[in-house]
Amino acid sequence: MLRTPANQRRLDILELLKDPVAHFPSRRHGDPARDGVTAAAVADRLGVSRSVAQTHLGLLVDIGLVRTRKIRWRTYYRRDEMRIAEVARMFEKGW
């Protein structure tokens with residue numbers, strides 16, 4: 001899941017979302033630390049199209065590593081730290 005070039009991009013996204021205030025500019029709506037960031041912001045930061053960013057974010061949401069929050073008509077993404085810690089513990093135990 002995390003060894004191909006496309007999956008490196010997902011790791012990059014998780015790393016960016018670890019400290020959204022440091023990696024993303026403030027927006028008019030939503031607080032990056034509390035609410036997360038939009039797919040457009042992730043796309044801008046990575047230099048990819050919004051649809052590419054949405055695809056990667058969607059997979060991360062599907063496997064539970066990222067959560068979404070709707071504010072107005074936008075979807076904001078942020079890491080699910082509890083789930084990430086749970087997955088890390090499974091790997092440490094030899095899953």
Side-chain angles (χ1 to χ4, degrees):
M1 173 180 101
L2 299 173
R3 298 217 185 247
T4 66
N7 293 329
Q8 181 59 46
R9 181 136 304 144
R10 291 181 202 116
L11 288 173
D12 293 342
I13 291 170
L14 286 172
E15 190 61 32
L16 290 172
L17 293 178
K18 193 173 197 176
D19 187 5
V21 174
H23 297 289
F24 299 96
S26 295
R27 301 287 177 156
R28 204 167 79 190
H29 302 290
D31 173 31
R34 184 188 67 230
D35 304 318
V37 297
T38 64
V42 172
D44 287 346
R45 184 72 166 99
L46 294 176
V48 299
S49 70
R50 189 168 48 114
S51 63
V52 168
Q54 284 176 318
T55 299
H56 289 299
L57 287 162
L59 182 95
L60 292 169
V61 169
D62 289 346
I63 61 176
L65 300 179
V66 171
R67 291 181 160 221
T68 62
R69 180 176 183 172
K70 286 275 199 185
I71 299 176
R72 297 182 179 213
W73 61 88
R74 293 185 177 103
T75 301
Y76 290 79
Y77 299 86
R78 64 183 173 87
R79 290 169 45 120
D80 184 337
E81 297 297 343
M82 290 179 60
R83 176 70 176 145
I84 290 170
E86 180 182 305
V87 170
R89 279 192 302 275
M90 285 192 300
F91 278 107
E92 287 173 0
K93 291 180 181 179
W95 184 5

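Heavy-atom minimum distance, A53 versus V48: N-CG2, 4.2 Å. When all heavy atoms are compared, the tightest approach of L17 to R79 is C-CD, 3.4 Å.
Under the side chain to side chain donor-acceptor pair (under 3.5 Å) criterion, S49 pairs with S51, not counting sequence neighbours. R78 is linked by a salt bridge (charged side-chain N to carboxylate O under 4.0 Å, His left out) to nothing, counting only residues two or more places apart in sequence or in another chain.
Looking only at side-chain heavy atoms (C-beta outward), F24 and V42 come within less than 4.5 Å of each other.
Rounding to the nearest 0.5 Å gives a distance of 11.5 Å between CZ of R50 and CG of L57. Separating the CG atom in D35 from the CZ atom in R69 is a distance of 4.5 Å, to the nearest 0.5 Å. Expressed to the nearest 0.5 Å, how far CZ of R34 lies from OH of Y76 amounts to 10.0 Å. Note that CG of L46 and NE2 of H23 are 11.0 Å apart. Values are rounded to the nearest 0.5 Å.
Residue M82 is not grouped with residue V87 when hydrophobic side chains (ILVMFWY) are merged at heavy-atom distances under 4.5 angstrom, including chains of intermediate members. Linking Ile, Leu, Val, Met, Phe, Trp and Tyr whenever their side-chain heavy atoms come within less than 4.5 Å puts L14 and M90 in one cluster.
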Exercise answer: donor-acceptor pairs, residues 61-68 side-chain atoms, under 3.5 Å, sequence neighbours excluded:
from, atom 1, to, atom 2, distance (Å)
R67, NE, D80, OD2, 2.8

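A salt bridge between E86 and R83 is present, with a side-chain N of the basic residue lying under 4.0 Å from a carboxylate O of the acidic one.
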